[in-house]
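Since this is a predicted model, take the numbers as computed values, not measurements. Ligands are counted one by one from 1 in listed order, and the atoms in each one are counted from 1 as well.
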Amino acid sequence: MRIALFASKPYDRQFFDQANREGEHEIVYIEARLSQQTSQLAEGFPAVCVFVNDLVDAQVLQQLHSGGTSVVALRSAGFNNVDLKTADALGIKVVRVPAYSPYSVAEHTVAMILGLNRQIPRAYNRVRDCNFSLEGLLGFDLHGKTFGLIGTGEIGRVVAKIMSGFGCRIVAYDPYPNQQWAEDSDVQYVELDALLEQSDVISLHCPLTPDTHHMIDAAAVQKMKPGVMLINTSRGAIVETQAVIDALKSSKIGSLGIDVYEEEDKLFFENLSGQVVQDDVFARLLTFPNVLITGHQAFFTKEALQQIAATTLQNLNDILKQGSCKNQLHAS
Ligand code: NAD
């Protein structure tokens with residue numbers, strides 16, 4: 001199959017070329033993101049391959065359809081950037097990579113928790129400047145603390161296992177609870193409000209949907225323990241950023257770790273050093289000493305990239321040979 005791979009980076013080329021070493025597919029790597037302005041680059045390609053910040057809205061899908069594209073292959077698990085209704089109506093098949101190394105995201109989540117709690121980035125910078133003062137670096141034992149998990153899917157369950165290892169008590173909220181896993185793992189499902197009220201650390205692992213959009217808003221923050229640590233490695237818009245900034249200013253939120261940001265499509269995955277940040281909300285976040293931000297890198301391990309490339313090409317093979325694929329998405 002001829003595949004137009006949008007938003008490609010050198011690491012995408014490395015892992016997709018490796019997965020395609022027998023040359024079954026012709027992959028054309030396009031650096032631009034897919035958008036209404038770039039969709040014409042896919043003309044004549046039966047398949048396009050996209051990532052989290054490519055725009056696959058109704059207009060782009062219409063343009064792809066006119067250009068002869070019949071499959072959109074997401075090299076991600078999340079699919080909030082695709083208009084599935086329009087894709088179905090146009091007969092464009094959409095496939096994704098539902099599960100790839102949940103360990104990649106789970107381990108990054110825990111790296112953020114430890115980095116924030118023990119202030120590793122600040123300590124690193126201090127020591128490089130021969131400042132060995134411990135003032136302001138005080139952390140807390142994770143052992144014995146209550147860890148609140150929102151979303152107990154592939155990634156959430158791995159996070160729970162790691163945090164149990166630290167001796168945390170785990171409470172979880174998920175509208176589709178996995179009771180057997182909870183029993184086996186000593187995790188207690190509670191209502192969302194109870195989780196917000198009880199947790200010392202809260203970590204988000206649910207998808208971005210109309211239900212979860214701004215799930216963490218001012219009212220949710222109000223219910224949290226003073227000094228809570230909030231971690232989001234899921235999708236930016238689950239958190240209402242301004243509400244969290246207000247809570248950081250009042251110390252209601254004690255620390256914040258984010259790998260994703262509501263408006264990340266204008267920032268992440270590009271080297272913007274030397275440019276003036278135009279996003280004032282993001283710029284404000286950068287000023288807090290108790291905020292740790294990474295640029296959507298939680299998935300970024302060798303194992304995850306190998307699995308993403310292999311599953312994406314397998315999805316396209318299935319569509320090509322059988323006309324369907326187990327990882328196909330439909331408008332509900
Ligand atoms: P998953 O589908 O296995 O699990 C998601 C869980 O969230 C499910 O158990 C589901 O029932 C639950 N859920 C749905 N609606 C909910 C709600 N309103 N409240 C609480 N829980 C709800 O997905 P996963 O593989 O664990 O991934 C979770 C999310 O992580 C993805 O949706 C994606 O947005 C994000 N992600 C981020 C990165 C990254 O690099 N930062 C990489 C991969 C995935």
Side-chain angles (χ1 to χ4, degrees), residues 7 9 11-12 50-54 74-82 84 96-113 148-163 170-182 185 187 189-196 199 202-217 220 230-240 257-262 264-265 267-269 292-309 311-312 326-327 329 332:
K9 299 284 180 197
Y11 46 81
D12 292 311
V50 298
F51 197 47
V52 293
N53 290 327
D54 289 290
L74 288 153
R75 44 185 200 279
S76 62
F79 51 89
N80 49 284
N81 51 335
V82 184
L84 289 177
R96 67 166 179 150
V97 183
Y100 58 86
S101 176
Y103 309 104
S104 62
V105 182
E107 290 171 13
H108 189 81
T109 302
V110 178
M112 294 198 100
I113 294 168
L149 192 61
I150 300 185
T152 57
E154 297 286 337
I155 296 168
R157 293 200 302 275
V158 177
V159 172
K161 190 170 179 189
I162 301 173
M163 296 314 292
I170 316 282
V171 294
Y173 168 71
D174 194 309
Y176 309 98
N178 182 338
Q179 294 295 357
Q180 189 59 53
W181 162 78
S185 320
V187 170
Y189 275 112
V190 294
E191 288 305 317
L192 182 58
D193 279 1
L195 181 147
L196 299 174
S199 303
I202 297 175
S203 193
L204 304 174
H205 300 288
C206 53
L208 174 60
T209 65
D211 279 350
T212 62
H213 183 265
H214 285 185
M215 174 190 235
I216 303 299
D217 58 7
L230 177 65
I231 305 289
N232 186 9
T233 59
S234 198
R235 283 292 181 269
I238 297 171
V239 171
E240 188 183 354
I258 54 171
D259 184 51
V260 286
Y261 169 60
E262 286 194 82
E264 70 176 50
D265 60 323
L267 296 165
F268 287 3
F269 304 118
L292 179 58
I293 307 176
T294 51
H296 207 139
Q297 73 170 81
F299 73 101
F300 201 57
T301 67
K302 234 180 354 188
E303 292 78 4
L305 293 190
Q306 277 163 352
Q307 289 167 23
I308 288 170
T311 305
T312 302
K326 68 176 182 346
N327 296 328
L329 293 164
S332 59

Notebook entry, point to check: What's the spacing between Arg157 CZ and Ile170 CD1 if we round to 0.5 Å?
Noted result: 14.0 Å
Next item on the list: Can you label the angle between the Phe268 ring and the Tyr261 ring as parallel, tilted or perpendicular, going by 30° and 60°?
Entry: tilted
Notebook entry, point to check: Does a donor on one side chain and an acceptor on the other come within less than 3.5 Å for His108 and Thr233?
Noted result: no
Next item on the list: Calculate, to the nearest 0.5 Å, the distance between atoms CG and OG belonging to Asn81 and Ser76 respectively.
Entry: 6.0 Å
Next item on the list: Check Met215 against ligand 1 and report side chain, backbone, both or neither, counting heavy atoms closer than 4.0 Å.
Entry: side chain
Notebook entry, point to check: Polar-atom distance check: Phe299 versus ligand 1, any N or O pair below 3.5 Å?
Noted result: yes
Checklist line | Closest non-hydrogen atom pair, Leu196 against Ile202 | finding: CD2-CD1, 4.0 Å
Notebook entry, point to check: With a cut-off of 4.0 Å, which atoms of ligand 1 are near a heavy atom of Asp259?
Noted result: 39 (C), 40 (O), 41 (N)
Notebook entry, point to check: When rounded to the nearest 0.5 angstrom, what is the spacing between NZ in Lys302 and OG in Ser104?
Noted result: 13.5 Å
Check: Heavy-atom contacts under 4.0 Å between Cys206 and ligand 1: side chain, backbone, both, or neither?
Finding: both
Next item on the list: Please work out which of the three classes, parallel, tilted or perpendicular, describes the rings of Phe51 and His296, given edges at 30° and 60°.
Entry: tilted
Notebook entry, point to check: Only one of Phe269, Phe299, Phe79 clears side chain to side chain contact (heavy atoms under 4.5 Å, CB included) with Val52; which?
Noted result: Phe269
Notebook entry, point to check: Any N or O of Asp174 that comes nearer than 3.5 Å to an N or O of ligand 1?
Noted result: yes
Check: How far does CD1 of Ile238 sit from CG of Asp217, to the nearest 0.5 angstrom?
Finding: 13.0 Å
Notebook entry, point to check: Between Val239 and His214, what is the shortest heavy-atom contact and its length?
Noted result: O-CD2, 3.7 Å
Next item on the list: If you have a sec, work out which protein heavy atom is nearest atom 4 (O) of ligand 1 and how many Å separate them, to one decimal?
Entry: Gly153 CA, 3.1 Å
Next item on the list: Could you establish whether Pro102 and ligand 1 come within less than 4.0 Å of each other, counting only heavy atoms on the residue side?
Entry: no
Check: N/O of Ile155 under 3.5 Å from N/O of ligand 1, yes or no?
Finding: yes
Check: Is there a donor-acceptor contact under 3.5 Å linking the side chains of Tyr103 and Thr301?
Finding: no
Item checked: Check: Thr233 N/O within less than 3.5 Å of ligand 1 N/O -> yes
Check: Below 4.5 Å, heavy atoms only, C-beta onward: do His213 and Leu208 meet side chain to side chain?
Finding: yes
Check: Looking at Tyr100 and Ala304, what are the two nearest heavy atoms and their distance?
Finding: CD1-CB, 3.6 Å
Check: Taking only heavy atoms of Ile150, which atoms of ligand 1 are found under 4.0 Å from at least one of them?
Finding: 20 (C)
Notebook entry, point to check: Is the shortest distance from atom 2 (O) of ligand 1 to a protein heavy atom below 4.0 Å?
Noted result: no
Checklist line | For atom 15 (N) of ligand 1, closest protein heavy-atom neighbour | finding: Pro175 CG, 3.8 Å
Check: Given His296, His213, His205, which has its nearest heavy atom closest to atom 39 (C) of ligand 1?
Finding: His296
Margin query: Show me which atoms of ligand 1 lie under 4.0 Å from any heavy atom of Val105.
Written below: 38 (C), 42 (C), 43 (C)
Check: Which residue and non-hydrogen atom of the protein lie closest to atom 32 (O) of ligand 1, and at what distance in Å?
Finding: Pro207 CA, 3.2 Å
Note to self: Counting non-hydrogen protein atoms only, what is the nearest one to atom 18 (N) of ligand 1? Give residue, atom name and distance.
What the structure shows: Thr212 CG2, 3.2 Å
Check: Of all the atoms in ligand 1, which lie at a distance below 4.0 Å from a heavy atom belonging to Tyr173?
Finding: 19 (N), 20 (C)
Check: For atom 42 (C) of ligand 1, what is the nearest protein heavy atom, given as residue, atom name and distance?
Finding: Tyr100 OH, 3.1 Å
Check: Which option out of Gln297, Arg235, Arg157 puts a heavy atom nearest to atom 34 (O) of ligand 1?
Finding: Arg235
Checklist line | Close approach of Leu208 to ligand 1, heavy atoms, under 4.0 angstrom | finding: no
Note to self: Quick check on Ala298 - does any of its heavy atoms sit under 4.0 Å from an atom of ligand 1?
What the structure shows: yes
Item checked: Identity and separation of the nearest protein heavy atom to atom 23 (O) of ligand 1 -> Glu154 N, 4.6 Å
Item checked: Taking atom 35 (C) of ligand 1 as the reference point, the nearest protein heavy atom with its distance -> Ser234 O, 3.5 Å
Item checked: Spatial distance of atom OG1 (Thr311) from atom CZ (Arg96) [nearest 0.5 Å] -> 11.5 Å
